[in-house]
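Read through the structure below, which is laid out as structure tokens, and then see the notes.
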Amino acid sequence: MSLRDRKKARTRASLVEVAQRMFAERGYPATTLEAICKEVEITVPTLLRYFPTKAALSVAPAADALAPLIS
């Protein structure tokens, strides 16, 4: 895996981790994409390259777990 791919994987994992924690602490409606991005130190447009919507980000752990079963 290239350095770029590893960095992308780390960024994606950080987004999922931070978002899940914030959703648990603050609730889904009170958690903004801006707040998630601030903690991960990226911009909202960058987040949207990984996840097209907040909903997609919220279900990422389940989608990731199911991905091997679908392929």
- Task: Only counting residues at least two apart or in another chain, list the ones meeting side-chain contact (heavy atoms from CB on, under 4.5 Å) with Ala35.
- Result: Met22, Arg26, Thr32
- Message: Working to the nearest 0.5 angstrom, can you tell me the gap between Arg12 CZ and Glu17 CD?
- Response: 13.0 Å
- Message: Holding to side-chain hydrogen bond (donor to acceptor under 3.5 Å, both in side chains), I want the full list of residues that pass it with Ser2, two or more places apart in sequence or in another chain.
- Response: Asp5
- Task: Look at atom CZ of Arg4 and say whether more than 12 heavy atoms of other residues, nucleotides or ligands are closer to it than 6.0 Å.
- Result: no
- Message: Per the side-chain hydrogen bond (donor to acceptor under 3.5 Å, both in side chains) rule, what does the pair list look like for residues 52-63, sequence neighbours excluded?
- Response: none
- side-chain contact (heavy atoms from CB on, under 4.5 Å) against Glu25, all qualifying residues, sequence neighbours excluded: Arg21
- Query: Looking at residues at least two apart in the chain, or sitting in another chain, which of them share a side-chain contact (heavy atoms from CB on, under 4.5 Å) with Ile42?
  - Reply: Thr11, Leu15, Cys37, Val40, Thr46, Leu47
- Message: Tell me whether Val44 shares a hydrophobic cluster with Leu57, the cluster being built from Ile, Leu, Val, Met, Phe, Trp, Tyr side chains joined at under 4.5 Å.
- Response: yes
- Message: So which atom in Pro68 and which in Ala65 form the shortest heavy-atom distance, rounded to 0.1 Å?
- Response: CD-O, 3.4 Å
- Query: ring pair (Phe, Tyr, Trp, His ring centres under 6.0 Å): which pairs involve residues 27-55, sequence neighbours left out?
  - Reply: Phe23-Tyr28
- Task: State, to 0.1 Å, how close Arg6 and Met1 come at their nearest heavy-atom pair, and which atoms those are.
- Result: NH1-O, 2.7 Å
